[in-house]
Amino acid sequence: MPLVSMKEMLEKGKDNGYAVGQFNINNLEYVQAILQAAEEEKSPVILGVSEGAGKYMGGFNVVVAMVKSLMESYGTTVPVAIHLDHGSSFAKCAEAIHAGFTSVMIDASHDPIDQNVETTKKVTELAHLHGVSVEAEVGTVGGEEDGVIGGIMYADTEECKKLVTETGIDCLAPALGSVHGQYQGEPNLGFKEMEEILNEVQVPLVLHGGTGIPTKDIQKAISLGTAKINVNTENQMAQTEAVRKTLDEKPDLYDPRKYLGPGTEAIKQTVIGKMREFGSAGKA
């Protein structure tokens, strides 16, 4: 199956009460694990690529070629989107679009709302010309992940409405208390604000920082229009734990396939668990 944009999969999720996971890819093993999990679970899936991870893997063209080759090799039948996570500029979004990404996030949330709108509108015009979906953000997601740093700043409902109305984006990430990376203490999501924003914008909402959020909160967010949930840290932790365990048990091991293999399986099992938790399993 060819790569697709996020638009249809997220609208279906919003209308039918489930969310599609964005699982960030960091190297070949992540792509293998996530594609295998999606196929086994018959779930649509979004492969998130940060600018840093894209650079690490050799550039956006390499990422697209790797994903397409693996999908062909595996005979992937479920919907798969490649999504630029936290695109920092119009230029970076354009680079991803021209490399073959099927979705981009322009994150101009650090700018005043009028500037955010202007930048996002420019990206959306180019993306939609190429059949590529667009995500944008209002407010600030806390924590740090892959160089994305911020203290929590809740999204303003009127600013959310302005951004969606004036740009035509396909989904919105309103910052409502989630964080990148690990939580210090219990997550405290703004469900009241989430409901208000959904009522105003009527597009699928996105929850960044999905690692460590209790299932009951995930389900509540999904009931309030959240149709995309981002996960990265949890997969990284699962992989690292499995690799460490393998090397602790066999300290003389040096063949990377022998210690990365268990790490890949750990990612796969984590993704399968998330797909079931988000309700996307069996929805492809």
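Count residues from 1 along the sequence. Just so it is clear, the structure is predicted and the values come from calculations on it, not from any experiment.
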What distance do [X] atom [atom1] and [Y] atom [atom2] have between them, rounded to the nearest 0.5 Å?
X	Y	atom1	atom2	result
Ile106	Leu84	CD1	CG	8.5 Å
Glu234	Ile267	CD	CD1	12.0 Å
Leu163	Lys121	CG	NZ	11.5 Å
Lys216	Ile218	NZ	CD1	10.5 Å
Ile25	Asn235	CD1	CG	12.0 Å
Thr124	Leu129	OG1	CG	12.0 Å

Measure the shortest side-chain to side-chain distance between [X] and [Y] over non-hydrogen atoms and say whether it is less than 4.5 angstrom.
X	Y	result
Lys42	Thr77	yes
Cys160	Leu172	yes
Met194	Lys220	no
Thr226	Leu198	no
Phe23	Lys274	yes
Phe278	Val20	no
Met9	Lys228	no
Ile197	Leu176	yes

Check your understanding: Can you check salt bridge (charged side-chain N to carboxylate O under 4.0 Å, His left out) on Glu159 and Lys162, steps first, answer last?
Key -> CA-CA 5 Å; Glu159 289 188 355; Lys162 179 180 176 71; over 6 Å; no

Which heavy atom of [X] sits nearest to which heavy atom of [Y], and what is that distance?
X	Y	result
Val104	Val132	N-CG1, 4.0 Å
Ala227	Gly13	CB-C, 4.3 Å
Ile34	Asn24	CD1-O, 4.0 Å
Ala37	Ile272	CB-CG1, 3.7 Å
Tyr259	Val243	O-CG2, 3.4 Å
Ala19	Ser280	O-CB, 3.3 Å

Check your understanding: Looking only at side chains, do Asp170 and His128 share a donor and an acceptor under 3.5 Å apart?
Key ->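 The answer is yes; a qualifying pair exists.
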
Point to revise | Any side-chain donor near an acceptor of the partner, Ser88 and Glu51, under 3.5 Å | key: yes

Check your understanding: Between Glu265 and Gln269, does a side-chain hydrogen bond (donor to acceptor under 3.5 Å, both in side chains) hold up when you go through it step by step?
Key -> CA-CA 6 Å; Glu265 182 62 25; Gln269 293 307 319; 2.7 Å; yes

Test your reading of the model: is there a side-chain donor-acceptor pair from [X] to the backbone of [Y], 3.5 Å cut-off?
X	Y	result
Thr102	Ile82	yes
Ser5	Lys7	yes
Asn116	Pro112	no
Ser73	Leu70	no

Practice item. Using the side-chain hydrogen bond (donor to acceptor under 3.5 Å, both in side chains) rule, take Tyr30 and Gln236 through it: C-alpha gap first, then chi angles, then the decisive distance, then the call. Key: CA-CA 9 Å; Tyr30 280 79; Gln236 292 177 330; 4.9 Å; no

Check your understanding: Is there a side-chain contact (heavy atoms from CB on, under 4.5 Å) between Gln219 and Thr215 once you walk through the steps?
Key -> CA-CA 6 Å; Gln219 291 170 345; Thr215 300; 3.6 Å; yes

Point to revise | Qualifying residue for side chain to side chain contact (heavy atoms under 4.5 Å, CB included) with Ile229, from Ile46, Ile213, Ile222, Leu205 | key: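 Result for side chain to side chain contact (heavy atoms under 4.5 Å, CB included) with Ile229: Ile222.
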
Same cluster for [X] and [Y] if Ile/Leu/Val/Met/Phe/Trp/Tyr side chains link at under 4.5 Å?
X	Y	value
Leu207	Met105	no
Val117	Val206	no
Leu260	Val271	no

Review point. Tyr74 and Glu39: side-chain hydrogen bond (donor to acceptor under 3.5 Å, both in side chains), yes or no, with the steps?
Key: CA-CA 9 Å; Tyr74 289 161; Glu39 193 65 32; over 6 Å; no

Charged N to carboxylate O under 4.0 angstrom, [X] versus [Y]?
X	Y	value
Lys161	Glu158	no
Glu125	Lys122	no
Glu41	Arg276	yes

Practice item. Decide yes or no on side-chain contact (heavy atoms from CB on, under 4.5 Å) for Glu135 and Met6, but give the supporting numbers first. Key: CA-CA 9 Å; Glu135 172 186 341; Met6 298 194 309; 4.2 Å; yes

What do you reckon, is [atom1] of [X] surrounded by more than 12 foreign heavy atoms closer than 6.0 Å?
X	atom1	result
Glu29	CD	yes
Glu8	CD	no
Glu241	CD	no

Exercise for review: Verify salt bridge (charged side-chain N to carboxylate O under 4.0 Å, His left out) between Lys245 and Glu249, making sure each step is shown before the conclusion.
Suggested key: CA-CA 6 Å; Lys245 183 172 183 287; Glu249 291 172 355; 2.9 Å; yes

Please set out all donor-acceptor pairs under 3.5 angstrom arising from side-chain atoms of residues 53-67, sequence neighbours excluded.
none

Practice item. Check whether NZ of the Lys or CZ of the Arg Lys283 lies under 6.0 Å from the centre of the six-membered ring of Tyr18 and within 45 degrees of that ring's axis. Key: yes

Practice item. Determine, stepwise, if the pair Lys92 / Glu95 fulfils salt bridge (charged side-chain N to carboxylate O under 4.0 Å, His left out). Key: CA-CA 5 Å; Lys92 275 294 173 186; Glu95 185 185 331; 3.3 Å; yes

Check your understanding: Got a sec, which residues hit side chain to side chain contact (heavy atoms under 4.5 Å, CB included) with Arg244, two or more places apart in sequence or on another chain?
Key ->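 Expected list: Thr240.
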
Review point. Should Asp85 and Val49 be marked as a side-chain contact (heavy atoms from CB on, under 4.5 Å) after you check the CA-CA gap, both sets of side-chain angles, and the distance that decides it?
Key: CA-CA 5 Å; Asp85 192 23; Val49 184; 6.0 Å; no

Exercise for review: Go through the steps to decide whether Gln22 and His208 satisfy the test side-chain contact (heavy atoms from CB on, under 4.5 Å), and finish with yes or no.
Suggested key: CA-CA 9 Å; Gln22 173 195 299; His208 283 243; 5.8 Å; no

